[in-house]
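These notes concern the structure reproduced below.
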Amino acid sequence: MLEVLLIVASGYLLRKIGVFKKEDARVFINYVIYLALPVVSFRSAHSLGISKSVIFVVLLAWIAIIFCLVVSFILGKVLRLKGSDLRTFLLVSSFGNTAFLGYPYALSFFGQEGLRYAVIYDSLGSFLLVSTVGFLISRGSVNLKELFTFPPFIGLVLGFSLRSYNLDTALKGALDTLAFSLSPVILFALGLSVSFVGIRRYLSISLFALFIKMVVSFLITYQVAKALKMEPLAFKISLLESSMPSMMMSGVLALKYGLNHELAFASIGLGLLFSFVVVPLLFHLFLASV
C-alpha cells in the first residue's frame, strides 16, 4: 500500500517542481499500453487459461458496471442532470480505474497471482464494456476497432491461444522482467497526469459518483460473488477491482467528445485520494477474512 502512495506522490511532486511536464505522462502510458501491459496480459491468459473462475471474474465485472449504470442513471435524473453532465456522471459512476490503480493494488495485496485475475477483470470486463457501452454513452456509437486492436486485448487472445505450448525458460525470464515494470510505471504516470481541477465546483456530484463506483459496486459484487461460491483469490480480486474509483478513460472520453471534462477529472482526482483510505479499509474489513 505504501509503495502505491509513494510512487504516485513522487510523480505528482516531480511534475509540480518542473522536472516533468503533464504531457510526459503519455510516454509512460504508451510504454504500459504497447509493451508492459500486453506482456502481462499474455502471461495471465497463458497461465490461467479459460476456467470457471476466469468466467466468473468477467461476469462480476459486467454485473457491477451494468448495475452502477442503472443506479447512476436514476440518481442523475433525481439530481436533474441533463445532456453532457448526465453522460459524464454515468461514465465516472460506472467504470473503474481497474488498470492504473487496480493492477498496483492487486499486486501489492495479492502478488503476481492476484495480478493475473486483475488483468482478466480489467481487459475482458472493464475495457470490453468501456469500448462498447462507454463509447455508446460518450459519442452514440460503438468502437469495436478500438477493442480488437487494443494491444493488451491482443495479448490476452495470444495467451489463451498458445496455452498448450510451453514457454522457453529464457523467454519467461524476459517476459517476467517486462511484467515487473508494469506497476511502478503505471503509478508514476498516474502521478504525472492526475488533476484536481473542478473538485470544489463539482464536489457534491463527484461524491455521489464515487459512492456508486466504490461502495455500491463493491456491495453488489460481494453479494453476487458469495452466491457464486467462487475460488477465494478470484473472489478477492473481483471485490478489490469493483472498489476502484473512476476510470482515467472517463476523462479522456469526456475531453474527446465534448462532455463535462471538469466533472470527470474532479471525480478521477478525488477518487484517487479516496482510494488511499477506502481500499485499505475494505481490504481489512472484507478481503482479509474472505
Side-chain angles (χ1 to χ4, degrees), residues 1 3-4 6-8 10-11 24-58 61 96-128 130-131 146-193 231-234 236-238 240-241 244 247-249:
M1 176 61 207
E3 62 268 27
V4 174
L6 284 177
I7 298 173
V8 171
S10 296
D24 294 334
R26 174 53 55 188
V27 176
F28 296 98
I29 291 171
N30 284 341
Y31 171 82
V32 167
I33 291 175
Y34 291 99
L35 184 58
L37 190 47
V39 167
V40 172
S41 298
F42 175 83
R43 288 170 72 253
S44 300
H46 191 269
S47 61
L48 289 173
I50 298 176
S51 64
K52 186 171 71 172
S53 292
V54 168
I55 293 171
F56 281 168
V57 166
V58 176
N97 206 345
T98 50
F100 278 68
L101 272 181
Y103 291 176
Y105 277 126
L107 187 62
S108 177
F109 289 138
F110 301 109
Q112 289 293 328
E113 287 298 315
L115 179 61
R116 290 170 184 169
Y117 279 115
V119 169
I120 298 297
Y121 187 103
D122 173 68
S123 299
L124 295 180
S126 294
F127 184 74
L128 188 64
V130 82
S131 298
E146 182 87 13
L147 170 64
F148 292 120
T149 59
F150 189 54
F153 183 82
I154 296 172
L156 276 177
V157 173
L158 288 174
F160 285 129
S161 302
L162 299 175
R163 192 164 187 267
S164 59
Y165 295 92
N166 293 320
L167 300 179
D168 178 75
T169 303
L171 178 59
K172 277 186 179 179
L175 294 178
D176 285 344
T177 300
L178 287 170
F180 289 142
S181 70
L182 176 68
S183 182
V185 175
I186 278 183
L187 291 172
F188 191 75
L190 187 58
L192 290 180
S193 60
E231 183 266 323
L233 183 58
K236 292 178 181 180
I237 293 299
S238 297
L240 178 69
E241 289 283 45
M244 289 299 108
M247 183 185 267
M248 292 289 289
M249 189 67 173

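Starting from 1, each residue takes its place in the sequence as its number. Every value quoted in this text rests on a predicted model; they were computed, and no experiment measured them. The figures here come from the full heavy-atom set of this structure, side chains too, leaving out hydrogens, waters and symmetry mates.
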Who pairs with Glu113 by salt bridge (Lys or Arg N to Asp or Glu O under 4.0 Å), at least two apart in sequence or on another chain?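 With neighbours one apart ignored, the set is Arg116.
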Quick one: closest heavy-atom pair of [X] and [Y], and the distance?
X	Y	result
Gly125	Ala61	CA-CB, 3.7 Å
Phe160	Leu124	CE1-CD1, 4.2 Å
Val57	Ala234	CG2-CB, 3.8 Å

Suppose we screen for side-chain contact (heavy atoms from CB on, under 4.5 Å). Which residues come up paired with [X], at least two apart in sequence or across chains?
X	result
Val27	none
Ala106	Ala118, Ile237, Leu240
Pro184	Ile7

Test ring pair (Phe, Tyr, Trp, His ring centres under 6.0 Å) applied to Phe188 - qualifying residues, sequence neighbours left out: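 Only Phe20, Phe28 meet the ring pair (Phe, Tyr, Trp, His ring centres under 6.0 Å) criterion with Phe188.
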Residues in ring pair (Phe, Tyr, Trp, His ring centres under 6.0 Å) with Phe42, at least two apart?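 Result, ring pair (Phe, Tyr, Trp, His ring centres under 6.0 Å) vs Phe42: His46.
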With sequence neighbours excluded, what pairs up with [X] under the side chain to side chain donor-acceptor pair (under 3.5 Å) test?
X	value
Gln112	none
Ser10	none
Thr98	Asp122, Ser126

How many angstroms lie between CG in Leu37 and CG in Asn30, if you round to the nearest 0.5 Å?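 The CG atom of Asn30 is 12.0 Å from CG of Leu37, to the nearest 0.5 Å.
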Could you give the distance from CD1 (Ile154) to OH (Tyr34), rounded to the nearest 0.5 Å?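 That separation rounds to 10.0 Å.
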Would you check if [X] and [Y] make a side-chain contact, meaning some heavy-atom pair closer than 4.5 Å?
X	Y	value
Leu115	Tyr103	yes
Tyr121	Met244	no
Val119	Leu156	yes
Ser53	Tyr117	yes

Mind jotting down which residue pairs meet the salt bridge (Lys or Arg N to Asp or Glu O under 4.0 Å) criterion with at least one end in residues 179-193? Sequence neighbours excluded, please.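 Non-adjacent pairs meeting salt bridge (Lys or Arg N to Asp or Glu O under 4.0 Å): zero.
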Taking the side chain from Ser161 and the backbone from Val157, do they hold a donor-acceptor pair closer than 3.5 Å?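 Yes, the answer is positive, given that a donor and an acceptor are paired below the 3.5 Å cut-off.
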Is there any side chain to side chain donor-acceptor pair (under 3.5 Å) pair reaching into residues 164-177, and which pairs are they, with sequence neighbours excluded?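 Listed by first then second residue: Arg43-Asp176.
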